2 protein chains.
Amino acid sequence: MSHTLGIRQAQKQKTRQALMDAALALLEEQSLSSLGLREVTRAVGVAPTAFYRHFRSTADLGVALVEEALGSLHPMIRTTVTSADSSGERIKRAVELIAGHVTAYPAHVRFIARERHGGVQPVREAIREQLGRFAHEVKAELAKDAEAAGWSDDDLLMLSHLYVDQMLITASLFLEALEASPEDRERVTLLAARQMRLISIGRHHWLD
Amino acid sequence: MSHTLGIRQAQKQKTRQALMDAALALLEEQSLSSLGLREVTRAVGVAPTAFYRHFRSTADLGVALVEEALGSLHPMIRTTVTSADSSGERIKRAVELIAGHVTAYPAHVRFIARERHGGVQPVREAIREQLGRFAHEVKAELAKDAEAAGWSDDDLLMLSHLYVDQMLITASLFLEALEASPEDRERVTLLAARQMRLISIGRHHWLD
DNA sequence: TCATCCAGTTAACAACTGTTCTCCGGAATT
DNA sequence: AATTCCGGAGAACAGTTGTTAACTGGATGA
């Protein structure tokens, strides 16, 4: 059983989380490479120097945000993949699952989409590594399916990356449509579902 | 007949281009939202105030860079699509065409990949609009093909977006592998070719 | 209870930012 | 030849940045 961490460490983690939350909010309108340390502390209501008690730099903060954001994405990806076979009904449900996640954690999704190719190398690397993990996880999930019979490991991984990228593209589309009309959001849903269906069809006929 | 633009306008365009080139170089290691106006002028060797003679802000510069970068991408996309049918040989050639473009204009590709989801709204919008144009162009190209018979306009556009996104993903992969070993670059080529082949297969069986 | 620890504070630093206004000198126009 | 135009220079502005050092006070562990 974990010992109740003292009121000291509790406070520390609390302000640490506050810094991360404030940063995530500020990153809605800028990129990490322009995020200032003072800007973040000011938003939290804490002295600039307090920042160093938690992070070496804003890049360091960024890496921490990657863990948090992709940690929350983790369960969704698994659920999405297991229901992403050719059946139109299940595909649409998978897409709606992505839509729900974007609605629940828009800042996380925005951060990942923005910094995946962003200007801060350590953060790019962290995202790349985590997405690589996801791809391997997806591959393991795909391998369970009967349709994976006869597939090489390389091909399975290739398809996994395709799925992961497609998920990010779809999430980004929903992000743009976050404040749009329900009709527009429905159009995004249908578009994403058809793209995923086309991929599933390609998967089905891969070994022909 | 276009009149030879005076030595005055010529000089103006020259420094304007110098500013854009310097900015593109500086953006290799940061995002547009952190690019400073003084930083750019310093790199060109010109007074900070001269910047305003050409651009309202760095965001404005960014929009100009979008036009330049996607202008150079324009002919490549057309060539890529026309050779992206199911035939394995042609697909591989299309992928190598992308690889060549990335090698020729790495800064352009990096800029688009980075700022597509970046922190500067007008630039995001400009990229979105241009990519939308590309998708429509690709659609027109696909419609010429015999395989497009029976396809709805919506489905053709859906496939076009899939192709455009896939091209960007592939380009970004080659960008990461720019300084990698030839073996790694070849692996990227094979991966991208197989992903494109899977999409082509899905396209082929779409109407089943 | 007392000494230690340590998250957060205060103050100060040189360096940098975007923007304004005024000016210069050569090209363009008349 | 005389005048207007205009890309660029220069200086100055208030405000911001990251980083340092020394300090404070409450939680922690002996």
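Just so it is clear, the model here is predicted, and its values are computed rather than measured. In the text below, chain A, chain B and the rest are named by the order of the sequence lines, each starting its count at 1.
The base of C:dT10 lies close enough to the side chain of A:T49 for a donor and an acceptor atom to sit less than 3.5 Å apart. In this model, a side-chain donor or acceptor of B:R38 finds a partner on the base of C:dT19 within 3.5 Å.
Computed from coordinates, the A:Q30 CD to C:dT17 P distance equals 16 Å when rounded to whole Å.
Of the N and O atoms on the side chains of B:E67 and B:Q130, at least one donor lies less than 3.5 Å from an acceptor on the other residue.
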Sequence neighbours excluded and cut-off under 3.5 Å, please list the side-chain donor-acceptor pairs for residues 33-41 of chain A, or say none.
residue	atom	partner	partner atom	Å
A:S33	OG	B:S31	N	3.2
A:S33	OG	B:S34	OG	2.8
A:S34	OG	A:Q30	OE1	3.0
A:S34	OG	A:S31	O	3.0
A:S34	OG	B:S33	OG	2.8
A:E39	OE1	A:G36	N	3.0
A:E39	OE2	A:Q30	NE2	2.7
A:T41	OG1	A:L37	O	3.4
A:T41	OG1	A:R38	O	2.9

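Note on B:T15: a side-chain N or O is less than 4.0 Å away from OP1 or OP2 of D:dG8.
Using a 4.0 Å heavy-atom cutoff across all strands shown, B:R42 reaches sugar-phosphate atoms only and no base atom. Across all strands shown, A:S57 has no heavy atoms under 4.0 Å from either base or sugar-phosphate atoms.
In the set C:dA7, D:dG18, C:dG18, C:dA7 carries the atom at the smallest distance from any side-chain atom of A:K12. Among the nucleotides D:dC6, C:dG8, D:dT17, the one closest to the side chain of A:A50 is C:dG8. In this structure, the nucleotide among D:dT28, D:dG8, D:dG10 sitting nearest to the side chain of B:R53 is D:dG8.
A 4.5 Å side-chain heavy-atom check between B:L27 and B:R114 finds every atom pair outside the cut-off.
A parallel orientation is assigned to the rings of B:H108 and B:Y105, their planes being inclined by less than 30° (bins at 30° and 60°).
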